[in-house]
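What follows is a set of notes on a single structure, which appears directly below.
In the text below, chain A, chain B and the rest are named by the order of the sequence lines, each starting its count at 1. Keep in mind that the numbers below use all heavy atoms, side chains included, and drop hydrogens, waters and symmetry copies.
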Protein chains: 2
Amino acid sequence: MQTSRYELKANVLNALAHPNRIRILEYLKAGAKCNCEIAPALDLEQSNLSRHMKILVQEKIVVSWKDGLRVNYKIADKQIFDILSLAGKVAHAEAKTRVKILEEQ
Amino acid sequence: MQTSRYELKANVLNALAHPNRIRILEYLKAGAKCNCEIAPALDLEQSNLSRHMKILVQEKIVVSWKDGLRVNYKIADKQIFDILSLAGKVAHAEAKTRVKILEEQ
DNA sequence: ATACTATATGAGTATATACTCATATAGTCA
DNA sequence: TGACTATATGAGTATATACTCATATAGTAT
């Protein structure tokens, strides 16, 4: 059975829907980093970080490439920052706005 | 302990990160609907739909109000459609784009 | 070769999520 | 009042997720 367009969107959003993955992505905003830089910077246990990176790579949100022992990561699709920014706006939207919406009925 | 801005964003994204909730939101795009209209239209079991709606209301993505026996729902923050649209674009972004990104290193 | 470093992964655990069925609650209408 | 309708929720189950510790893998450097 093939993946619906709803599932495709849900998979992308799900990959973004974790505080530590959001922190990782914002850390990568400055440029490519390896696991060994991200882990201490964000205080994440190595194997845990490795699995978060796997999720981000699988959803093609970041790309990775080997450089000797290290694996470097870089944002693959900068549109995710628009999604994160919008998510922040939705989270902070005021109750007032919603009262107005109710009054429109 | 208070909720970080990362958690706030993750919570919004998490509420959006389910195929059925995305279907519900797109169905509500046309205007306010009650549970009793959504369930048959999207072929969702009543109690399951009720719990999905609870998640969307808790995250203030939709607003609800009673009308006799019925509970009506309406989109509270239309910015979520921008998020869903961007999620679709990210999901469909081509490998080519990512090859370019790698070549930039 | 050995020692070292960076990352990936198996195994176990704890928690969260989605779902269903049955039942409770709340409002309507005869 | 009782019968009916729409929604919410308790309980149970199955699956997914996040995390940790230990170990495997792969590459570096001596």
Please state how far atom [atom1] in [X] lies from atom [atom2] in [N], giving the value in whole angstrom units.
X       : N      : atom1 : atom2 : answer
B:Asn72 : C:dA26 : CG    : P     : 19 Å
B:Leu49 : D:dA6  : CG    : C1'   : 11 Å
B:Met53 : D:dA6  : CE    : C1'   : 14 Å

### Message
Grouping I, L, V, M, F, W and Y whenever their side-chain heavy atoms are under 4.5 Å apart, do B:Leu69 and B:Met53 come out in a common cluster?
### Response
no
In B:Val62, B:Ile61, B:Val63, B:Leu25, the residue satisfying side-chain contact (heavy atoms from CB on, under 4.5 Å) with B:Tyr73 is B:Val62
With a 4.0 Å cutoff (strictly under), does any side-chain N or O of B:Asn35 reach OP1 or OP2 of D:dA8? yes
Value for CG (B:Leu42) from NE2 (B:His52), rounded to nearest 0.5 Å, stands at 10.5 Å
dist A:Asp82:CG -> B:Asp82:CG (nearest 0.5 Å) comes out at 10.0 Å
For B:Ala15 and B:Leu56, the nearest pair of non-hydrogen atoms, with its separation, is O-CD2, 3.9 Å
Reading nucleotides 24-30 of chain D from 5' to 3' and marking B where a protein heavy atom lies under 4.0 Å of the base, S where only the sugar-phosphate is that close, and - otherwise, the string is --BBS--
Once base and sugar-phosphate atoms are separated, protein heavy atoms under 4.0 Å mark nucleotides 15-23 of chain C, 5' to 3', with B, S and - as --SSSBBB-
**Report entry** Side-chain donor or acceptor of A:Asn11 paired with backbone N/O of A:Glu7 under 3.5 Å
**Finding:** yes
Exercise. Is B:Arg5 salt-bridged to A:Glu26, going by a charged N under 4.0 Å from an acidic O?
Worked result: yes
(request) Carefully, step by step, assess B:Val71 and B:Asn35 under the rule side-chain contact (heavy atoms from CB on, under 4.5 Å). (result) CA-CA 6 Å; B:Val71 177; B:Asn35 225 324; 5.6 Å; no
Answer for the Watson-Crick or wobble partner of D:dA22, both distances under 3.5 Å, is C:dT9
